[in-house]
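When a residue number appears, it is its place in the shown sequence, counting from 1. Side chains are part of it too, since the values below use all heavy atoms of this structure and drop only hydrogens, waters and symmetry mates.
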Amino acid sequence: MSELLVVSTITPAMEDRLRSVFQMTHVADISLPEWLPKNAAGVRFVLTDGGTGLADDFLAQLPNLEIISNLGVGYDGVNTDLATARGIPVTHTPDVLNEEVATTAVMLYLAVWRNFEAEMAHARSGRWAANGNLPLPPTADGRRIGVLGLGRIGKAIAAKIAPWASEICYYGRSKQDVPYRYFDTLAAMAAHCDVLVNIAPGGEATHHLINRDILEAIGPDGRLINVGRGSTVDEAALIEALRTGTLGGAGLDVYENEPHIPEALREMHNVVLLPHVASASIETRRAMGDLAVDNLIAWKEGRPLLSPVPESASLV
Ligand code: NAP
Ligand code: 8YV
């Protein structure tokens with residue numbers, strides 16, 4: 001009988017800790033359609049992640065589920081309305097990844113302006129000697145940088161990217177007490193800035209917030225950096241804007257249909273592409289894993305949860 005069902009990829013260290021405390025099954029080791037009918041009633045704990053989430057119909061098949069631990073800060077893959085209605089708290093892994101994700105955002109920012117993906121391919125291709133250098137790219141220095149989602153990570157990005165900024169701006173639903181310029185519409189900020197950095201949560205409220213109009217407002221000399229969620233950007237509009245030059249370039253870590261990156265994007269030279277690895281260092285994934293496991297152990301031992309999501313506040 002398994003009390004813990006793990007549907008996320010986990011590190012060996014996480015697995016060791018989990019197996020020392022829980023009767024555990026990993027979804028990779030079973031045929032879920034065969035396993036679930038016989039074992040669903042015993043599942044009290046689920047460990048998932050931002051990319052995998054927990055589909056509504058899956059949740060409905062776990063009648064005795066007590067808690068969902070999400071390995072990652074973004075939990076748009078879990079329906080917190082449904083979970084809360086059933087009295088199931090959800091936990092996530094805030095703060096421990098702020099600096100790592102900010103570092104990735106800065107690296108994407110620099111790589112995009114200085115055309116590093118194309119430059120690196122050029123160096124490896126052996127064509128430098130015969131063809132000389134690629135055309136000069138624009139500088140990354142002195143840019144007006146707009147952050148969509150100035151939260152925990154957004155603030156870390158603003159601090160880390162400051163050496164390259166002539167001005168840092170932000171858009172969110174509320175003005176904050178920060179030394180950055182607030183815009184009360186995304187369109188106005190996109191028109192003002194050279195680069196838009198998205199680090200807002202996914203989900204319905206931000207779905208396709210970055211649409212064709214916003215991409216046009218960023219403009220042919222502007223760049224988009226997306227380390228938030230793929231769902232926030234209308235990917236078809238992004239491909240079109242990059243193809244026509246309406247948008248100058250993009251640095252992307254996240255996509256609408258992960259792990260699939262559209263071929264059109266993969267073939268473009270004005271984009272820098274990463275496979276959703278903004279938090280993916282050994283140290284940061286260890287910290288995230290520890291927190292995700294600590295939440296499950298705390299629940300099992302009847303102690304307070306360490307990092308419940310705000311929607312679960314009434315349950316803990
Ligand atoms: P956070 O502290 O909750 O910050 C979220 C920010 O987004 C807040 O400033 C909030 O400001 C703004 N926001 C929320 N809803 C919005 C809306 N509908 N329209 C405009 N702005 C909105 O979250 P965080 O810890 O910084 O994480 C942010 C997100 O980054 C996560 O949810 C996740 O999706 C993504 N992420 C991605 C990776 C990766 O590997 N690529 C890693 C970690 C996190 P207001 O409330 O004022 O609107
Ligand atoms: C994780 C993330 O890689 O924290 C998040 O929201 O997107 C990333 O840090 C993700 O949860 C794993 O799928």
How long is the span from the CE atom in M189 to the CG atom in L196, to the nearest 0.5 Å?
5.0 Å
Atom CZ of R114: over 12 foreign heavy atoms under 6.0 Å:
no
Is there a side-chain contact (heavy atoms from CB on, under 4.5 Å) between L242 and I239? Walk through the geometry before answering.
CA-CA 5 Å; L242 288 164; I239 290 167; 5.8 Å; no
Criterion side-chain contact (heavy atoms from CB on, under 4.5 Å) on F58 and V46, from CA distance to verdict:
CA-CA 11 Å; F58 196 170; V46 161; over 6 Å; no
Supply the atom-to-atom distance R285 CZ to T9 OG1, rounded to the nearest 0.5 angstrom.
9.0 Å
Sequence neighbours excluded, which residues qualify as ring pair (Phe, Tyr, Trp, His ring centres under 6.0 Å) partners of F116?
none
Ring pair (Phe, Tyr, Trp, His ring centres under 6.0 Å) involving H192 - partner list, sequence neighbours excluded
F183
For the residue pair D234 and N211, confirm or rule out a side-chain donor-acceptor distance under 3.5 Å.
no
Check whether any side-chain heavy atom of L148 lies under 4.5 Å from a side-chain heavy atom of V197, and answer yes or no.
no
Does atom CD of E301 have more than 12 heavy-atom neighbours from other groups under 6.0 Å away?
yes
Report, as yes or no, whether the 6.0 Å neighbourhood of atom CD on E283 holds more than 12 heavy atoms from other residues, nucleotides or ligands.
yes
Angle class for the Y109/W164 ring planes (parallel below 30°, perpendicular above 60°, tilted otherwise)?
tilted
Side-chain (R19) to main-chain (M24) donor-acceptor, under 3.5 angstrom
yes
Between T104 and A278, is there a donor-acceptor pair closer than 3.5 Å when you use the side chain of the first and the backbone of the second?
yes
Do E167 and R143 meet the salt-bridge criterion of a basic N to acidic O distance under 4.0 Å?
no
Would you say the side-chain atoms of E100 pair up with the backbone N or O of A280, donor to acceptor, closer than 3.5 Å?
no
Main-chain N/O of T80 paired with T84 side-chain donor or acceptor, under 3.5 Å:
yes
Any luck finding a side-chain donor-acceptor pair between S307 and N295 under 3.5 Å?
yes
Charged N-O contact under 4.0 Å between R212 and E240
no
For a quick test of reading the model, state the closest non-hydrogen atom pair linking L71 to S8 and the distance between them.
CD2-OG, 3.7 Å
Tell me, with the steps shown, if L59 and I68 meet side-chain contact (heavy atoms from CB on, under 4.5 Å).
CA-CA 10 Å; L59 183 56; I68 301 166; 4.1 Å; yes
Closest non-hydrogen atoms of Y182 and G172, given as atom of the first, atom of the second and distance, are OH-O, 2.8 Å
Checking S279 side chain against V101 main chain: does a donor-acceptor pair fall under 3.5 Å?
no
Report the relative orientation of the aromatic rings in H92 and Y75; use parallel for angles under 30°, tilted for 30 to 60°, perpendicular for over 60°.
perpendicular
Judged by atom type as modelled, is there a donor-acceptor pair below 3.5 Å linking the side chain of K160 to the main-chain atoms of V106?
no
Flag, side chain of E256 to backbone of E235, donor-acceptor distance under 3.5 Å
yes
Does the pair D76/R229 count as a salt bridge with the N-to-O cut at 4.0 Å?
yes
Nearest-0.5 Å distance that lies between atom CD1 in I157 and atom OG1 in T103:
9.5 Å
Validation row: L238, L224 side chains within 4.5 angstrom (heavy atoms)
yes
So, taking the atom named CG in L5 and the one named CG in N39, what distance separates them when rounded to the nearest 0.5 Å?
9.0 Å
Find the distance between CD1 (I261) and CZ (R266) and round it off to the nearest 0.5 Å.
7.0 Å
E258 meets the side chain to side chain donor-acceptor pair (under 3.5 Å) criterion, sequence neighbours left out, with H276
Closer than 3.5 angstrom, by distance alone: can the side chain of T139 be matched with the main-chain N or O of D141 as a donor-acceptor pair?
yes
Which atom names give the shortest non-hydrogen contact between A158 and L150, and what distance separates them?
CB-CD1, 4.2 Å
For T91, is there any backbone N or O sitting under 3.5 Å from a side-chain donor or acceptor partner on N70?
no
Yes or no on side-chain contact (heavy atoms from CB on, under 4.5 Å) for I297 and F22, after CA distance, side-chain angles and deciding distance?
CA-CA 9 Å; I297 295 176; F22 298 96; 3.9 Å; yes
Set out, in order, the CA-CA distance, both residues' side-chain angles and the distance that settles salt bridge (charged side-chain N to carboxylate O under 4.0 Å, His left out) for E66 and K300, then state yes or no.
CA-CA 10 Å; E66 294 175 22; K300 181 165 181 177; over 6 Å; no
Under a 4.5 Å cut-off applied to non-hydrogen side-chain atoms, are Y170 and R181 in contact?
no
Does any N or O in the side chain of S125 come within less than 3.5 Å of the main-chain N or O of R127, such that one atom is a donor and the other an acceptor?
yes
Going from NE2 on H207 to CD on E204, what distance comes out if it is rounded to the nearest 0.5 angstrom?
9.0 Å
